[in-house]
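This report refers to the structure that appears directly beneath it.
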Amino acid sequence: MWNHRLNVLLGAIFIVYSFVPSSDGYTSDQVKNLTKYLFETNAYDKTLRPATNQISPTDLKVSFYLIGLNKLDELEEKLTTTAFLTLEWKDEFLAWDLSMFPVQKLTVPQGKVWKPDFVLKNGFTEFKELGASFYNVILSADGTVFWKPYQVFESQCSIDVTYFPFDTQTCEIQFTLWSHFRVQVMLSSSSSSVEMLRYKGNSIWDIISTSQSIDNSGGNSEITYTLTLKRKPTFYVSNTVIPILFLGVLNLLVFVIPADAGEKMSYAITVALGFIVFLTIISSELPANSDSTPYLSTYLQIQIFLGGLALVISSIQLRLRHKPEDQPVYAFLQVLVKITHCKNIKKRKMSVDRVRPVDDFKEKSLEKDEENREIDIISWNDVSSAIDFLMFWFYVIIYCISSVVILTIIAN
């Protein structure tokens, strides 16, 4: 009975011991002695590259962990990201014997050890080393050094706004070893791409793909992280594209307003100014780039041109409308009226003397002659209506074609 209970108790202790992580059982004195041994007794020199054989290069393993995409400033062409790097290398001067110093890991300030001059190559404003004075590095007994600097990176990113607001941008974050040549320090990576496990999404941009490339062929080794970003177009469609399309419909209504209404010119000017305001808003949010012009800006320029053309046509139209009625309409304008079928039939009856006909035959002849004298007159008002009719359908065709083509191009 007691033997059975003892076996159960021993089994439980074994299970608990198996799942409880072992602790590094070393004291503060042991840590002090190890620190003194590494940095004082061995006279550690942080200015010396940590390799006994200075001919062989130091292998630097780098990984990039993206935490947040703060902002992509199209106007300044600047990408701001929050991330941290993990850098790992072997320092042969910081290895120790575990039998003498039973310390598995040792944490020391980063300023006490040799660090690679790993910097952001395409930084936007500042060119400085990674990390800060309060950061620590972790040392292992075999000499492995682990460094994890956290930073907000501001890097340059060329913006292509051709398909705004359905555009896709490709931004690169480049790091390099500034003063260590390839024969001294070579880059490698413990991951195949940008690490996204801790990434928090952005309200404007989606990251659709990432990649990394290492270049050890030049004088200095470089590693480049590439982010492919796709804009979320909902905001811009609701606040820019749809109002522009609606404003284009209002541009058509210039030729629906009669010339006699007195508001034709002011309405055309108001619509044209609306397009100019939208063009100013879009231009203020995009970089001054001569290499790429947004199709949306081209569409606005087309609408502004059509608005200016409508003003010219309306001015000529009003001039023709107020010509004297007794002035005959030009021949080509009469043809225009007949083609568009916009004439208002006006019958002008010639005055006939009231003479009683002698017989029925003469009466019928007189009625027929009077009918022949009722002629169709094309007035200047008919010309104005014909211009409105013709230009309205011309603008409808241009509006539909330009809208469908531009939206199809930028959406695909």
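Throughout, residue positions are numbered sequentially from 1 according to the sequence presented.
- Heavy-atom contacts from other residues, nucleotides or ligands closer than 6.0 Å to NZ of K36 number 12 or fewer.
- The cationic atom of K232 (NZ for Lys, CZ for Arg) does not lie both less than 6.0 Å from the six-membered ring centre of W205 and within 45° of the ring axis.
- The environment of K61 atom NZ is sparse: at most 12 non-hydrogen atoms of other residues, nucleotides or ligands sit within 6.0 angstrom.
- Under the ring pair (Phe, Tyr, Trp, His ring centres under 6.0 Å) criterion, Y44 pairs with F39, sequence neighbours left out.
- Legend: residues meeting salt bridge (charged side-chain N to carboxylate O under 4.0 Å, His left out) with K90, ordered by chain and number and at least two apart, are absent.
- Considering only residues two or more places apart in sequence or on other chains, F394 meets the ring pair (Phe, Tyr, Trp, His ring centres under 6.0 Å) condition with none of them.
- Evaluation of the salt bridge (charged side-chain N to carboxylate O under 4.0 Å, His left out) rule for D215 yields no partner, not counting sequence neighbours.
- Heavy-atom neighbours of K78 NZ from other residues, nucleotides or ligands within 6.0 Å: above the threshold of 12.
- Under a cut-off of 6.0 angstrom, the local environment of OH in Y163 is sparse, with at most 12 non-hydrogen atoms contributed by other residues, nucleotides or ligands.
- Between Q110 and K115 there is a side-chain heavy-atom pair separated by less than 4.5 Å.
- The backbone N or O of L306 sits nowhere less than 3.5 Å from a side-chain atom of N251 that would complete a donor-acceptor pair.
- No side-chain heavy atom of V62 sits under 4.5 Å from any side-chain heavy atom of T86.
- Checked against a 6.0 Å centroid threshold, the rings of F255 and F389 do not count as neighbours.
- For the side chain to side chain contact (heavy atoms under 4.5 Å, CB included) with F164, the lone residue among I410, I282, T293, I159 that qualifies is I282.
- Two residues are said to be in side-chain contact when any heavy atoms from C-beta on lie closer than 4.5 Å; L85 and W147 fail this criterion.
- Residues satisfying the ring pair (Phe, Tyr, Trp, His ring centres under 6.0 Å) criterion with F118, sequence neighbours excluded, are F175.
- Between R231 and E74 a salt bridge is recorded (basic side-chain N to carboxylate O distance below 4.0 Å).
- Counting heavy atoms of neighbouring residues, nucleotides and ligands inside a 6.0 Å radius, atom CD1 of I55 does not exceed 12 of them.
- Counted by atom type alone, Q104 and S140 present zero donor-acceptor pairs between their side chains at under 3.5 Å.
- Listed by chain and residue number, nothing satisfies the ring pair (Phe, Tyr, Trp, His ring centres under 6.0 Å) test with F93 (two or more places apart in sequence, or in another chain).
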Next item on the list: Would you sort out whether H180 and W89 count as a ring pair (Phe, Tyr, Trp, His ring centres under 6.0 Å), showing the intermediate values?
Entry: CA-CA 14 Å; H180 286 94; W89 67 92; over 10 Å; no
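- Under 4.0 Å is where a charged nitrogen must lie from a carboxylate oxygen, and between D388 and K264 at least one such pair does.
- Between the side chain of N122 and the main chain of Q174, a donor-acceptor pair closer than 3.5 Å is present.
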